[in-house]
Amino acid sequence: MDNSAATGGSTRGRSVLVAGVGNIFLHDDGFGVEVVRRLALEALPDCVRVIDFGIRGVHLAYEMLDGGYATTIIVDATPRGEKPGTVYLIEPDLKSFASREPVSFDAHAMDPQLVFSTLQSLGGVTGRVLIVGCEPLDCDEGIGLSEAVQCSVDEAVCLVHSVLAEITGEDQVINHGIDR
């Protein structure tokens with residue numbers, strides 16, 4: 001899913017990439033995919049590109065490297081040991097990935113940490129990177145989000161809108177019709 005047709009089609013010069021990652025066949029791992037699916041249906045500023053990368057981590061790495069984004073927001077299931085459904089806003093220290101070598105270029109096995117390591121080995125990350133994450137309950141095989149994570153999708157959409165409003169300065173970004 002890519003809203004670039006609605007925003008001019010080109011990736012060059014876009015200021016913000018919102019990238020959903022995850023595997024919809026592993027229950028809550030599909031969180032990022034669901035959030036960007038919802039965002040792609042909304043009117044967003046022209047400077048924002050929303051893409052569902054799913055399990056295509058190599059594609060995400062190259063898009064981040066070649067896209068010219070000032071900011072990338074990655075939306076993903078993010079286990080941190082909190083209550084399932086907890087939504088996080090994380091700004092990772094990308095320098096900590098500089099010494100790591102990519103373990104694999106298996107597109108089905110690249111999590112965001114491996115994407116960051118790959119980016120460092122290819123020349124580094126350009127721009128700011130944020131992660132909107134959600135604590136998963138169940139990442140075993142199966143389709144559909146757990147109730148706790150499904151209930152957090154609206155919160156994550158609102159958080160992305162708030163971050164976009166801060167980045168773009170466009171207040172209308174947060175007026176998207178979701179009850180808070």
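Predicted model, so just to flag it, every value in this text is computed and none were measured.
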A.B. asks: If we only count heavy atoms from C-beta on, is the L39 to E42 side-chain gap below 4.5 Å?
C.D. replies: yes
A.B. asks: May I ask you to test the V18-V75 pair for a side-chain heavy-atom distance under 4.5 Å?
C.D. replies: yes
A.B. asks: With a 4.5 Å limit on heavy-atom distance, are the side chains of E135 and P79 in contact?
C.D. replies: yes
A.B. asks: Within the distance-only criterion (no hydrogens, no angle test), does the side chain of D76 pair as donor or acceptor with the backbone N or O of T78 below 3.5 angstrom?
C.D. replies: no
A.B. asks: For a 4.5 angstrom cut-off between non-hydrogen side-chain atoms, does T86 reach C134?
C.D. replies: no
A.B. asks: Yes or no on side-chain hydrogen bond (donor to acceptor under 3.5 Å, both in side chains) for Y88 and E82, after CA distance, side-chain angles and deciding distance?
C.D. replies: CA-CA 10 Å; Y88 308 107; E82 298 295 325; 5.2 Å; no
A.B. asks: Looking at CE of M64 and OG1 of T72, how far apart are the two atoms once the value is rounded to the nearest 0.5 Å?
C.D. replies: 4.0 Å
A.B. asks: Does I73 reach the side chain of L164, with side-chain heavy atoms less than 4.5 Å apart?
C.D. replies: yes
A.B. asks: Going by heavy atoms in the side chains, are L159 and L89 under 4.5 Å from each other?
C.D. replies: yes
A.B. asks: Pair up each side-chain donor or acceptor in residues 142-152 with any protein partner under 3.5 Å, not counting sequence neighbours, and list the distances.
C.D. replies:
from, atom 1, to, atom 2, distance (Å)
S146, OG, D28, OD1, 3.1
S146, OG, D28, OD2, 2.9
S146, OG, V149, N, 3.4
S152, OG, G85, O, 2.5
S152, OG, A148, O, 3.1

A.B. asks: Can you list the residues that meet the salt bridge (charged side-chain N to carboxylate O under 4.0 Å, His left out) rule with E141, with sequence neighbours excluded?
C.D. replies: none
A.B. asks: Would you mind reporting whether Y69 and R128 have side-chain heavy atoms less than 4.5 Å apart?
C.D. replies: no
A.B. asks: What's the shortest heavy-atom distance between F25 and N23, and which atoms?
C.D. replies: N-OD1, 2.8 Å
A.B. asks: Would you check if T71 and L17 make a side-chain contact, meaning some heavy-atom pair closer than 4.5 Å?
C.D. replies: no
A.B. asks: Could you check whether any side-chain N or O of R56 sits under 3.5 Å from a backbone N or O of F53, counting only pairs where one atom can act as donor and the other as acceptor?
C.D. replies: yes
